[in-house]
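First listed ligand is number 1; within each ligand, the first listed atom is number 1.
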Amino acid sequence: MTRIASHRGGTLEFGDSTPMGFAATARMALEEVEFDVHPTRDGSIIVHHDATLDRTTDTIGAISEKSTDEVRSAVINFGHNSHPILLEELCEIFDDSDVVFRCEFKPGADGVPYANFVPRVMALLEQQDMLPTANFSSFLIDYLDEIAAHTTRPRLWLVSPAVLTQLGTKGVLAMARSRSIPEIGVHIDKATPELMAATLDAGLDFGCWAAHTVPQIQKALQLGVKVFTSDRPSLAIAIRNQMREGKGS
Ligand code: FE
């Protein structure tokens, strides 16, 4: 069965990385919740997509340069007057849920990975008892190496369209194997049966990201990818149910 990951708690249904979106996701009939983490200046871990607050909230500036209170007082756009949450709070929301974490490591606003951040996230997830079921992802190979140094939990490489074009299928798969990366994820619009077959032949798992429209979600399900992320988790569930019942195209 193809797994569904609610992307940032279902951005197009609930706003970007909102407490409401995460709480709704925790009760959904899907398998994973995708989210991104960033450090504050004073050592907290914030669940938010961008490294800055500029695009998604009423506040300007990099999360890593702000205090926890400053970040938590930002109001998320289209987020029903809610504020960015701490990783601890996300753990609490999913405490009783069967939906597992898919935690993405993103670089800072300067494009560089945060130093010594991965072990801090791992320690917090372990302390909250969420590590045993967590999965990890990143576009950055250096982060994937660092993740592997701190946990044996699954990790996947998010391959951007530019990287896929530049390296080609063979180059991407060779790179993944050379770094012992067990799974790749590509943009749904770049996914093809040939790419998926080549990936599986190379002994790697294959998934997709950014399946937000009906045709994109249907494509992911018809390909039978391992997992896909969607900003419309409720829609993805409905289409998967429909296809299971044989009513889908
Ligand atoms: Fe992400």
Determine which of the N, O or S atoms in Asp36 is closest to the Fe ion (ligand 1) and give its atom name. OD1
Return yes when atom CD of Glu126 has more than 12 non-hydrogen atoms of other residues, nucleotides or ligands closer than 6.0 Å, and no otherwise. no
Note: Arg3-Glu183 ion pair, threshold 4.0 Å (strictly below): no
Among the N/O/S atoms of Glu34, the Fe ion (ligand 1) lies closest to OE2
For the Fe ion (ligand 1), give me the closest N/O/S atom belonging to Glu104, just the atom name. OE1
What is the ring orientation for Phe35 with Phe22, classed by angle as parallel under 30°, tilted 30 to 60°, or perpendicular over 60°? perpendicular
Show me the pairs that pass salt bridge (charged side-chain N to carboxylate O under 4.0 Å, His left out) and involve residues 14-26, at least two apart or across chains. Arg8-Asp16, Asp16-Arg55
